[in-house]
Visitor: 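I'd like to ask some things about the structure below.
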Amino acid sequence: MGWASYEEDIASRFHQATVIRNKEHDALLHTKAAPATKLKAFAIPQPRPLPVIVLADVSGSMSEDGKIDILNNALKSMILSFGEESKLRAEIQVGLITFGGEAAKEHLPLVAADRIAGVEAFRAQGRTPMGSAFEMARQLLEDKEKVPARSYRPVLVLVSDGAPTDDWEEPLAALKGSERAQKASRFAMAIGADADRAMLGQFVNDRETSVFEADGARDIVKFFKAVTMSVVARSTSTSPDQPLALDLGSDLSDDLDLDAL
């Protein structure tokens, strides 16, 4: 073989080897890129909203015996506790609807508890437009932008020391007929002797939980403490979408120091 032929043979082999190595290199690149595609499947899931909506009576009678102040403190403590909870599975959200005067109003829009820096204190005044509050709660639940389909079952809490002064039968029936409200856990607290327990009983949908009776400040705090503990337990459980059970055991009163709220 001549020198020229030898050089041509070496060049040909070098070219073949280069082509083969380039192919191997390309294959290696694809192999290394594969895990990056798989890693996308392991993205950390976002916590699902767990809405807690409180319908609070702020009519004039709530100013008696310091009831409105106790309610303000109990809600403040509840929201603070919610904001400190882990959001591994559920993000607890809070919305406040007040009814006093001529119509209900959205006192606090539904928002993640850990984003609430403070809540304007309730002021007791006027009549008890509870029917207006039922309608507002129904509209909120059915708003799929504010309460998306991926949300866990909502919690509705009704608090009153009197009887409705507006048309409430139809708004309550509409609320109870709402598919989303039927899935929600609905609780009620009657404050004092003048509360309409029969009407409040129609709001509740837990067979094992009747209308909670609050005769004084400690009972109001105890009720919201029970709601807080139940919601927190649900938000951190492996199945946050299970219906909420409200535990009103006697042990709840052990650390209910109003001065600490």
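As the structure is a computational prediction, the values presented were derived from the model and not from experiment. All heavy atoms count here, side chains included; hydrogens, waters and symmetry mates do not.
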Visitor: For a quick test of reading the model, state the closest non-hydrogen atom pair linking R153 to L50 and the distance between them.
Guide: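 Looking at all heavy atoms of both residues, the shortest contact is O-CD2, 4.0 Å.
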Visitor: About how many Å separate CG of L156 and CG of L140, when rounded to the nearest 0.5 Å?
Guide: 8.5 Å
Visitor: Evaluate the criterion side chain to side chain contact (heavy atoms under 4.5 Å, CB included) for residue pair I116 and F82; output intermediate values, then yes/no.
Guide: CA-CA 10 Å; I116 302 174; F82 286 165; over 6 Å; no
Visitor: Mind listing the closest non-hydrogen atom pair of L200 and A195 along with its distance?
Guide: CD1-CB, 4.4 Å
Visitor: Could you see if L75 belongs to whatever hydrophobic cluster contains V111? Use Ile, Leu, Val, Met, Phe, Trp, Tyr and a side-chain cutoff under 4.5 Å.
Guide: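 Same cluster: L75 reaches V111 through Ile, Leu, Val, Met, Phe, Trp or Tyr contacts under 4.5 Å.
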Visitor: Look at the side-chain heavy atoms of Ile, Leu, Val, Met, Phe, Trp and Tyr, link any pair under 4.5 Å apart, and say whether I70 and I191 land in one connected group.
Guide: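 Same cluster.
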Visitor: Report yes or no: does S63 contribute a side-chain atom to a donor-acceptor pair with the main-chain N or O of G60 at less than 3.5 Å?
Guide: yes
Visitor: To the nearest 0.5 angstrom, please state how far the NZ atom of K225 sits from the CG atom of D219.
Guide: 15.5 Å
Visitor: How close do F99 and P129 get, counting heavy atoms only, and between which atoms?
Guide: CB-O, 3.5 Å
Visitor: List the residues meeting side chain to side chain donor-acceptor pair (under 3.5 Å) with D215, not counting sequence neighbours, and say none if there are none.
Guide: none
Visitor: Do I68 and F223 sit in the same hydrophobic cluster, where Ile, Leu, Val, Met, Phe, Trp and Tyr count as joined when their side-chain heavy atoms come under 4.5 Å apart?
Guide: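 Yes, same cluster.
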Visitor: V211, V155: one ILVMFWY side-chain cluster at the under-4.5 Å cut-off?
Guide: no
Visitor: Hey, quick one: are L108 and I97 part of the same hydrophobic cluster, counting side-chain heavy atoms closer than 4.5 Å, chains of contacts allowed?
Guide: no
Visitor: So, for D57 and S160, which heavy atoms are closest and what is the spacing to 0.1 Å?
Guide: OD2-OG, 2.9 Å
Visitor: Measuring only between side-chain heavy atoms, which start at C-beta, is M78 closer than 4.5 Å to V227?
Guide: yes
Visitor: Any pair with a residue in residues 189-199 that passes salt bridge (charged side-chain N to carboxylate O under 4.0 Å, His left out), sequence neighbours left out, goes on the list, sorted by first then second residue, please.
Guide: R197-E213
Visitor: Tell me, please, which residues at least two apart from F122 pass ring-ring contact (aromatic ring centres under 6.0 Å, His included).
Guide: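 Checked F122 against ring-ring contact (aromatic ring centres under 6.0 Å, His included); matches are H107.
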Visitor: What distance separates F187 CZ from S210 OG, expressed to the nearest 0.5 Å?
Guide: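 It is 11.5 Å, given to the nearest 0.5 Å.
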Visitor: Looking only at atom types and distance, does a side-chain atom of R186 sit under 3.5 Å from a main-chain N or O of F203, one as donor and one as acceptor?
Guide: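 Indeed, once roles are kept as given, a pair shorter than 3.5 Å links the two residues.
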Visitor: For a quick test of reading the model, state the closest non-hydrogen atom pair linking F224 to M189 and the distance between them.
Guide: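 Smallest interatomic distance, heavy atoms only, reads CE1-CE, 3.8 Å.
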Visitor: Count the heavy atoms belonging to other residues, nucleotides or ligands that lie under 6.0 Å from CZ of R48, then report whether that count exceeds 12.
Guide: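 Yes, enclosed.
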Visitor: Got a list of side-chain donor-acceptor pairs under 3.5 Å for residues 163-180, not counting sequence neighbours?
Guide:
unit_1 : atom_1 : unit_2 : atom_2 : d
T165   : OG1    : T128   : N      : 2.9
T165   : OG1    : T128   : O      : 3.1
D166   : OD1    : M130   : N      : 3.4
D166   : OD1    : G131   : N      : 3.0
D166   : OD2    : G131   : N      : 3.2
D166   : OD2    : S132   : N      : 3.0
K176   : NZ     : Q202   : O      : 3.1
S178   : OG     : E142   : OE2    : 3.3
S178   : OG     : R180   : N      : 3.4
R180   : NH1    : L141   : O      : 2.7
R180   : NH1    : V147   : O      : 2.6
R180   : NH2    : V147   : O      : 3.2

Visitor: Taking only residues two or more places apart in sequence, or in another chain, which ones meet K67 in a salt bridge (Lys or Arg N to Asp or Glu O under 4.0 Å)?
Guide: D161
Visitor: Quick check: are there more than 12 heavy atoms from other residues, nucleotides or ligands sitting under 6.0 Å from CZ of R115?
Guide: no
Visitor: With rounding to the nearest 0.5 Å, note down the distance linking CG in D114 to CD1 in I79.
Guide: 12.0 Å
Visitor: What's the shortest heavy-atom distance between N205 and A184, and which atoms?
Guide: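 Result for this residue pair: ND2-O, 2.7 Å.
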Visitor: Give every donor-acceptor pair under 3.5 Å between a side-chain atom in residues 89-96 and any protein atom, sequence neighbours left out.
Guide:
unit_1 : atom_1 : unit_2 : atom_2 : d
R89    : NH1    : T236   : O      : 3.4
E91    : OE1    : Q93    : NE2    : 3.1

Visitor: What distance separates K146 NZ from L110 CG, expressed to the nearest 0.5 Å?
Guide: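 Nearest 0.5 Å value for the NZ-CG distance: 8.5 Å.
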